[in-house]
Novice: 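Okay, here's the structure, questions in a sec.
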Amino acid sequence: MKIATWNVNSLNVRLPRLLEWLPLAQPDVLCLQETKLEDVKFPRREIEDAGYVAHFSGQKTYNGVALLVRAGLGPAADVTTALPGFTDEQKRVIAGTVGTTRVVGFYVPNGQAVDSDKYRYKLGWCAAATAYLSAELAAHPSLAVVGDFNIAPEDRDVHDPAAWAGQVLCSDAERAVFRDWLALGLADGFRLFEQPPATFSWWDYRQLAFPKNRGLRIDHVLLSPPLAARCQSCRIDRNARKGDKPSDHAPVIADVADA
DNA sequence: ATGGCTGCTTTGAGCAGA
C-alpha cells in the first residue's frame with residue numbers, strides 16, 4: 001500500500017496538478033493539507049473521476065485536510081476529524097481506517113514565531129496530538145501518521161541549520177514533540193532508508209529557494225512497527241515542486257508491502 | 001538579476017504561510 005501526504009496550498013488552485021500527479025504516483029491513500037475549501041466546495045466528483053474516494057474536513061481561507069483512498073480500497077472506515085479533548089475551530093486532522101491500517105493525517109500549526117501566541121497554540125495542539133497518537137497506537141497496531149508537521153526534526157533536515165537555529169519549525173520544543181512521537185513507537189519512514197543529503201519537502205516561493213535547494217524537511221510519514229517492518233521505500237517527490245503553479249511543498253510517499 | 005512568492009479576502013491592502 002502506497003501511503004502519501006501532500007500540502008497542496010489551496011486545492012482550488014492545485015486540483016489540476018493533483019489530478020496530473022495521482023496517476024503518476026498512484027498512491028493508495030493520500031492525505032492532503034491546506035485545502036482551504038469549505039466542504040460544500042470540495043471537488044468530490046473530480047477526485048472520484050480520478051479513481052479515489054474523498055473524505056475531507058475543510059474551512060474557508062485557511063487549513064483544511066482531506067483523506068483520499070483508492071476506489072477499490074475505500075471508503076475509509078471510522079473517519080474522525082478532531083483531536084479528542086482539544087477544542088479547535090481549525091481543521092487540521094483527519095483519520096480513517098483502510099483495511100487494517102489506521103491512517104492519521106495532520107496539518108500541524110505553523111507557529112509563526114517562537115514565543116508568539118501561535119507558537120503556544122502549536123505546542124498545545126501538539127500535546128493533545130501526543131495523547132491522541134498514544135491512544136490510536138493502542139487501538140491500532142498498524143498506524144501511519146502523515147502530514148505537514150511544520151517541524152524539521154534535525155539539523156540535517158534544514159538547508160542552513162545555523163540560520164534556522166532556535167527558529168520556529170526548528171526550536172528545541174518542536175523537535176522534542178517530534179521525538180515524543182517517535183518515542184511512542186513510531187518510525188520516521190524517510191529515515192528507514194539511506195537518503196541523499198539535503199533532501200527537503202518544502203521550499204519558500206521567494207528568492208529562488210527551490211532551484212537553490214534552500215528547503216526544509218517538514219512533511220513526514222511516521223509508521224508503527226508492523227508498517228515500518230514492511231516499508232519498502234519512502235521518498236519525497238521533488239518533481240511535483242517543479243513547473244507551473246507548484247505547491248510550495250512536495251509530496252512524501254511510503255510504499256508498505258501487504259501483510 | 002543591484003529584487004527576487006503565493007493565495008486568500010465582503011477587490012485590494014493586509015494577513016498568513018514557513
Novice: Looking only at the aromatic ring of each residue, does the gap between the centers of A/F178 and A/H220 stay below 6.0 angstrom?
Specialist: yes
Novice: Scan A/N7 against the nucleic acid and name what it touches under 4.0 Å (heavy atoms): base, sugar-phosphate only, or nothing.
Specialist: sugar-phosphate
Novice: Linking Ile, Leu, Val, Met, Phe, Trp and Tyr through side-chain heavy atoms less than 4.5 Å apart, which residues share a cluster with A/L73?
Specialist: A/M1, A/I3, A/V29, A/V65, A/L67, A/V69, A/V79, A/I94, A/V98, A/V103, A/Y107, A/V146, A/F190, A/L192, A/F193, A/V221, A/L223, A/L227, A/I236, A/V252, A/V256
Novice: Looking at every strand, decide which applies to A/L208 at a 4.0 Å heavy-atom threshold: base, sugar-phosphate, or nothing.
Specialist: base
Novice: Which whole number of Å gives the distance between the P atom of B/dA18 and that of B/dG7?
Specialist: 14 Å
Novice: Does A/R241 qualify as a cation-pi partner of A/F210, given the criterion of NZ or CZ under 6.0 Å from the six-membered ring centre and within 45 degrees of its axis?
Specialist: yes
Novice: Checking all strands, does A/Y107 fall into the base, sugar-phosphate, or nothing category for heavy-atom contacts under 4.0 angstrom?
Specialist: sugar-phosphate
Novice: For the aromatic rings, using the six-membered ring if either is Trp, is the centroid distance between A/W125 and A/F106 under 6.0 Å?
Specialist: yes
Novice: So what does A/D204 touch, heavy atoms closer than 4.0 Å: a base, only the sugar-phosphate, or nothing?
Specialist: nothing
Novice: May I ask you to decide if the ring planes of A/F149 and A/W181 are parallel, tilted or perpendicular, using 30° and 60° as cut-offs?
Specialist: perpendicular
Novice: Determine the minimum heavy-atom distance between A/G99 and A/T97, stating which atoms define it.
Specialist: O-CG2, 3.4 Å
Novice: Within the structure shown, what part of the strands sits under 4.0 Å from A/Q167 by heavy-atom distance: base, sugar-phosphate, or nothing?
Specialist: nothing
Novice: How would you label the contact of A/R214 with the nucleic acid (heavy atoms, under 4.0 Å): base, sugar-phosphate, or nothing?
Specialist: nothing
Novice: Work out how far the C1' atom of B/dG12 is from that of B/dT6, and round it to whole angstrom.
Specialist: 16 Å
Novice: I'd like the 5' and 3' limits of the part of DNA chain B contacted by chain A, with heavy-atom contacts below 4.0 Å.
Specialist: B/dG4 to B/dA18
Novice: Measure the acute angle between the ring planes of A/W21 and A/W6, then classify it against the limits of 30° and 60° as parallel, tilted or perpendicular.
Specialist: tilted
Novice: Provide the distance between the two P atoms, one in B/dG14 and one in B/dT10, to the nearest whole Å.
Specialist: 16 Å
Novice: If you find the nucleotide of DNA chain B closest to A/Y205 and the one closest to A/L11, which residue's nucleotide is nearer the 5' end?
Specialist: A/Y205
Novice: Between A/V13 and A/V168, which is nearer to the 5' end of DNA chain B once each is assigned its nearest nucleotide?
Specialist: A/V13
